[in-house]
Amino acid sequence: MKFNNPVIPGFHPDPSVCRVGEDYYLVTSSFEYFPGVPIFHSKDLVNWRQLGHVLTRESQLPLARQLPPGWSQGIYAPTLRYHRGRYYMITTNISLQETFFVWTEQPAGPWSRIPSILRDGGESIRPCYSMRTVLCM
């Protein structure tokens, strides 16, 4: 197969790809742009179609300037995962210095309204905070 790079033209840094069956989904950083975290779909990792954005509500993505002027803000390096029928997008809002996740059962959305902690029959997924944030399960 012949293809041209970049396979997703434009400004789409920090890609994270998740495979579910024969489908691939990709999210990228959106920094201080709203809506946030574009999400794409592909069957072959070459031909991508944008499905929309993960963060489409102000309640999901507060972008009030918190850092000194000139500092970059917003959403950095999201990651996309799939577990037990749900898609999870985990990321950090640098503006608020908070790590959070949202979820959906359909990658095109809608995604959960408010970033939250999920508890499912005794199992929980919660962000763990330190100098480097990791996802604890």
Side-chain angles (χ1 to χ4, degrees):
M1 174 183 292
K2 184 175 177 159
F3 63 91
N4 293 319
N5 273 320
V7 293
I8 301 177
F11 182 66
H12 298 289
D14 308 322
S16 173
V17 176
C18 177
R19 180 180 177 194
V20 179
E22 295 181 10
D23 297 294
Y24 297 91
Y25 299 95
L26 179 144
V27 293
T28 67
S29 294
S30 55
F31 304 109
E32 47 194 40
Y33 294 100
F34 186 87
V37 186
I39 184 165
F40 297 86
H41 173 260
S42 176
K43 289 279 192 183
D44 59 13
L45 293 174
V46 173
N47 299 293
W48 292 92
R49 179 177 61 91
Q50 186 170 357
L51 299 176
H53 290 84
V54 174
L55 305 175
T56 58
R57 299 176 200 84
E58 196 171 321
S59 63
Q60 296 170 310
L61 184 55
L63 289 173
R65 180 153 290 282
Q66 303 288 322
L67 301 173
W71 290 31
S72 186
Q73 298 193 93
I75 300 300
Y76 278 54
T79 189
L80 186 64
R81 297 292 179 261
Y82 179 81
H83 182 68
R84 294 186 181 177
R86 286 187 176 171
Y87 297 84
Y88 297 88
M89 189 281 302
I90 304 101
T91 192
T92 298
N93 183 337
I94 297 298
S95 302
L96 303 177
Q97 299 179 11
E98 289 182 343
T99 299
F100 67 94
F101 69 90
V102 291
W103 62 271
T104 187
E105 294 174 357
Q106 297 296 322
W111 289 77
S112 56
R113 294 188 72 84
I114 299 173
S116 61
I117 295 173
L118 173 70
R119 297 193 182 278
D120 181 16
E123 292 184 12
S124 64
I125 299 173
R126 65 189 191 290
C128 298
Y129 297 92
S130 67
M131 288 302 285
R132 293 190 175 142
T133 302
V134 297
L135 182 67
C136 297
M137 298 182 124

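Heavy-atom basis, side chains included; hydrogens, waters and symmetry copies ignored. None of the values given here were measured: they were computed from a predicted structure.
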Is there a donor-acceptor pair closer than 3.5 Å between any side-chain N or O of Ser112 and the backbone N or O of Val102?
-> no
Gln60 and Thr56: which non-hydrogen atoms are nearest, and at how many Å?
-> OE1-N, 2.7 Å
Spacing of CD1 belonging to Ile90 relative to CH2 belonging to Trp103, to within rounding of 0.5 Å = 13.5 Å
Within a reach of under 6.0 Å around OH of Tyr82, are more than 12 heavy atoms found that belong to other residues, nucleotides or ligands?
-> yes
Taking every non-hydrogen atom, the tightest pair across Lys43 and Tyr24 = O-CE1, 3.8 Å
Gln106 side, atom CD; Leu51 side, atom CG - distance, nearest 0.5 Å = 10.5 Å
Is Thr28 reaching over with its side chain to a backbone N or O of Pro15, donor-acceptor style, under 3.5 angstrom?
-> no
Carefully, step by step, assess Gln50 and Ile8 under the rule side chain to side chain contact (heavy atoms under 4.5 Å, CB included).
-> CA-CA 9 Å; Gln50 186 170 357; Ile8 301 177; over 6 Å; no
Does CG belonging to Asn5 count more than 12 external heavy atoms closer than 6.0 Å?
-> yes
Grab the two heavy atoms, one from Arg81 and one from Ser16, that are nearest each other, plus how far apart they are.
-> NH1-OG, 3.8 Å
For Ser95 and Gly74, indicate whether the former's side chain and the latter's backbone hold a donor-acceptor pair under 3.5 Å.
-> yes
Please list, chain by chain and in numerical order, all residues satisfying salt bridge (Lys or Arg N to Asp or Glu O under 4.0 Å) with Asp14, sequence neighbours excluded.
-> none
Look up atom CD in Glu32 and atom CG in Leu61, then write down how far apart they are to the nearest 0.5 Å.
-> 10.5 Å
Whether over 12 other heavy atoms sit under 6.0 Å from Glu58 CD = no
For the atom pair OH (Tyr33) and CD (Gln73), what is the distance rounded to the nearest 0.5 Å?
-> 12.5 Å
Which atom pair, heavy atoms only, marks the closest approach of Gly36 to His53?
-> O-CB, 3.4 Å
Pairwise distance OG1(Thr79) to CZ(Phe101) - rounded to 0.5 angstrom = 13.0 Å
Intermediate values then yes/no, side chain to side chain contact (heavy atoms under 4.5 Å, CB included), Ile94 and Thr92 | CA-CA 6 Å; Ile94 297 298; Thr92 298; 3.8 Å; yes
Exam field: side chain Asp23 to backbone His41, donor-acceptor pair closer than 3.5 Å = no
Roughly how far apart are Tyr88 OH and Leu80 CG, rounded to 0.5 Å?
-> 11.5 Å
Closest non-hydrogen atom pair between Leu45 and Val7, with its separation | O-CG2, 4.1 Å
Trp111 side chain to Pro107 backbone, donor-acceptor under 3.5 Å = yes
Backbone N or O of Val37 within a donor-acceptor pair of the Ser30 side chain at under 3.5 Å?
-> yes
Side-chain contact, heavy-atom cut-off 4.5 Å: Ile39 with Leu26?
-> no
For the residue pair Ile75 and Phe31, establish whether any side-chain heavy-atom pair is separated by less than 4.5 Å.
-> no
Going by the angle between their ring planes, with limits at 30° and 60°, are Tyr25 and Tyr87 parallel, tilted or perpendicular?
-> perpendicular
Using modelled atom types only, decide if a donor and an acceptor are shared between the side chain of Ser42 and the backbone of Asp44 within a distance under 3.5 Å.
-> yes
Closest non-hydrogen contact found for Pro62 with Ser59 is CD-O, 4.1 Å
